[in-house]
Amino acid sequence: MNNLTINDTWDMSCDGSFNMSREAAMLLSYSEAQVLVITIFLPIVLIIGLINNIAFIYVVVRVQCMKTITNTCLVHLALSDLIFLTIAIGDKIWAYVNSPINPDHSHLGLAGCIIVELTVNTTYFAALFFVTLVALERFYAVCRPQKERGMKAMRTFRWLQLGSWATAALLSATFIPAYSKITTLCASWPEGEPFQTWPEKFQWCSPVKAWTRDYTESVRAIPFFVAFFINVFLFAGIVRGLNKAVERARLTGKRDKNIKLRNQITWMLIVNGLVFFLCLAPFEIISILKAVGKYDTTTMSEEIGMQFSQMLAYLNSLINPVIYTAMSTRYRAAFINGLLPAQCRQRWQSIGFQNSTGHISMTNSNIHNHHEHVNGKHA
């Protein structure tokens with residue numbers, strides 16, 4: 001950093017002591033764009049994300065026929081998104097309120113650094129795994145309908161869900177050395193506004209060794225790309241299976257509404273998976289470039305790229321329930337039945353939702369049994 005000189009006096013409680021010029025000090029402050037993102041964009045994303053994901057979890061719990069293998073995976077995905085948004089966005093807002101210096105992690109301390117990063121990484125990896133589990137479940141539903149999909153399948157996916165959380169936590173734990181050291185800097189700020197109120201010391205979460213940061217940046221991207229290629233393979237198989245099912249239905253002359261409903265939900269989940277990976281891809285690509293020294297966030301354009309990739313990651317955690325309700329009549333009907341009072345449900349039904357809510361009023365066992373019957377004959 002230009003115009004920054006080492007201080008002659010050394011405070012033993014500091015890892016570094018510097019005299020800051022006005023230009024150097026301003027580089028440590030929040031830019032106008034960052035202030036807008038933190039004070040307007042992130043709170044809106046947090047509020048909408050909490051409402052959307054809590055509402056989805058509530059609807060699955062409340063509406064009996066929504067208790068399917070697919071939806072239990074989606075509930076875990078919604079839970080991981082809830083925790084991710086709360087911790088990741090909450091930490092950024094808290095840091096901004098606590099200090100005018102960016103980055104200043106004084107509000108966290110060593111324990112906070114570890115807990116925040118461990119939680120964010122765990123929920124991120126868990127979301128990757130649950131999106132893949134959804135694709136796997138749909139693949140077997142469409143392409144392997146003859147396989148047993150009763151309570152045995154439900155138990156298998158429950159173990160896979162628990163294993164996903166455990167694997168995500170263990171993988172995230174290997175990143176702890178990348179942020180388990182507190183670096184404290186002492187600064188002599190220039191005179192004048194706004195520096196009179198700036199703290200003389202500030203801290204950030206830093207790696208115990210330089211290579212641990214590179215390890216984290218590079219290894220964190222590996223599960224993303226592995227999951228991406230697995231999902232592409234599964235999506236391709238699902239599309240082929242759907243096309244075959246449609247062709248068989250055309251040849252036999254059968255028009256089963258449940259086949260249409262199943263296919264609609266399957267396409268919805270494919271779109272959801274594609275949006276998921278598209279939103280996270282920029283951040284992961286930048287992480288790899290940073291690990292190999294090809295991305296420097298000290299330049300304005302690359303800092304903007306980093307901020308944009310983070311914004312996409314936050315948006316990804318609120319958009320899933322929006323896709324569900326936009327693309328599936330069954331999910332729209334479930335939200336109506338689960339969230340609206342009886343009088344409002346009757347009004348919605350009176351303006352054209354009779355068929356959708358009729359599907360939702362079926363019991364879970366009826367849906368499951370009929371679904372297996374349809375799969376066995378037509379999928």
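Proximity of His107 to Asp91: side-chain heavy atoms (C-beta onward) are separated by under 4.5 Å at one or more points. A heavy-atom distance below 4.5 Å is not found between the side chains of Ile285 and Ile288. Looking at Thr184 and Trp204, their side chains never come closer than 4.5 Å, going by heavy atoms from C-beta outward. Within the 4.5 Å cutoff, the side chain of Gln310 has heavy atoms near those of the Gln307 side chain. The shortest side-chain heavy-atom distance between Val275 and Cys279 falls under the 4.5 Å cut-off. Residues Val45 and Phe41 are in side-chain contact: their nearest non-hydrogen atoms beyond the backbone lie under 4.5 Å apart. Residues Tyr124 and Phe224 have side chains in contact (heavy-atom distance under 4.5 Å, counting atoms from C-beta outward). Between Ile69 and Leu133 the shortest side-chain heavy-atom distance does not fall below 4.5 Å.
No side-chain donor-acceptor contact under 3.5 Å links Glu284 to the backbone of Ala281. Judged by distance alone, the side chain of Asn53 and the main-chain N or O of Gly49 form a donor-acceptor pair under 3.5 Å. The main-chain N or O of Lys67 is never found under 3.5 Å from a side-chain atom of Asn71 such that the two would form a donor-acceptor pair. For the pair Ser106 (side chain) and Gln203 (backbone), a donor-acceptor distance under 3.5 Å is present. In this structure, the side chain of Asn52 engages the main chain of Leu318 through a donor-acceptor pair within 3.5 Å. Within the 3.5 Å criterion, the main-chain N or O of Ala326 finds a donor-acceptor partner in the side chain of Arg332. Judged by distance alone, with hydrogens and angles left aside, the side-chain atoms of Ser206 form a donor-acceptor pair with the main-chain N or O of Lys181 at under 3.5 Å.
Taking all atoms of both residues into account, the shortest heavy-atom contact from Asn231 to Ala135 is OD1-CB, 3.3 Å. Looking at every heavy atom in both residues, Ser180 comes nearest to Leu110 through O-CD1, 3.3 Å. In terms of heavy atoms, Phe129 sits closest to Ser164 at CD1-O, 3.4 Å. The nearest pair of heavy atoms linking Ile286 to Gly305 is CD1-O, 3.6 Å. Of all heavy-atom pairs spanning Ile270 and Phe235, the tightest one is CG1-CD2, 3.9 Å. The shortest heavy-atom contact between Pro282 and Leu278 is CD-O, 3.2 Å.
Rounding to the nearest 0.5 Å gives a distance of 12.5 Å between CG of Asp104 and OG of Ser29. Phe283 CZ to Ser309 OG: the interatomic distance, rounded to the nearest 0.5 Å, is 6.0 Å. A distance of 11.5 Å separates CZ of Phe84 from OG1 of Thr119, quoted to the nearest 0.5 Å. For the atom pair OG1 of Thr132 and CG of Leu234, the computed distance is 8.0 Å after rounding to the nearest 0.5 Å. One distance of note links CE of Met66 with OG1 of Thr68; it measures 7.0 Å at 0.5 Å rounding. Going from atom CD of Glu137 over to atom OG1 of Thr156 covers 11.5 Å, rounded to the nearest 0.5 Å.
More than 12 non-hydrogen atoms from other residues, nucleotides or ligands lie less than 6.0 angstrom from CZ of Phe225. Within a 6.0 Å radius of CD in Gln196, other residues, nucleotides and ligands contribute more than 12 heavy atoms.
Note: Trp165 and Phe125 fail the aromatic proximity criterion, with ring centroids not under 6.0 Å apart.
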**OP:** Evaluate the side-chain contact (heavy atoms from CB on, under 4.5 Å) criterion for residues Leu74 and Tyr324: first the C-alpha distance (whole Å), next the side-chain angles of each, then the deciding distance (0.1 Å), finally the verdict.
**Re:** CA-CA 10 Å; Leu74 293 178; Tyr324 307 153; 3.3 Å; yes
**OP:** Begin from the C-alpha positions of Asn320 and Asp81 and carry the test side-chain hydrogen bond (donor to acceptor under 3.5 Å, both in side chains) through to its verdict.
**Re:** CA-CA 9 Å; Asn320 296 331; Asp81 286 339; 3.1 Å; yes
Taking distance alone, no hydrogens or angles, what donor-acceptor pairs closer than 3.5 Å link side-chain atoms of residues 54-61 to residues at least two apart or in another chain?
| residue | atom | partner | partner atom | Å |
| --- | --- | --- | --- | --- |
| Tyr58 | OH | Arg62 | NH1 | 2.6 |

Let me check something: any side-chain donor-acceptor pairs from residues 167-178 under 3.5 Å, sequence neighbours excluded? List them with distances.
| residue | atom | partner | partner atom | Å |
| --- | --- | --- | --- | --- |
| Thr167 | OG1 | Gly163 | O | 2.8 |
| Ser172 | OG | Asn121 | O | 3.4 |
| Ser172 | OG | Thr122 | N | 3.0 |
| Ser172 | OG | Thr122 | OG1 | 3.3 |
| Ser172 | OG | Ala168 | O | 2.8 |
| Thr174 | OG1 | Leu171 | O | 2.6 |
| Thr174 | OG1 | Tyr215 | OH | 3.1 |

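Scored by the ring-ring contact (aromatic ring centres under 6.0 Å, His included) test, Trp198 finds Trp189, Phe195 as partners (sequence neighbours excluded).
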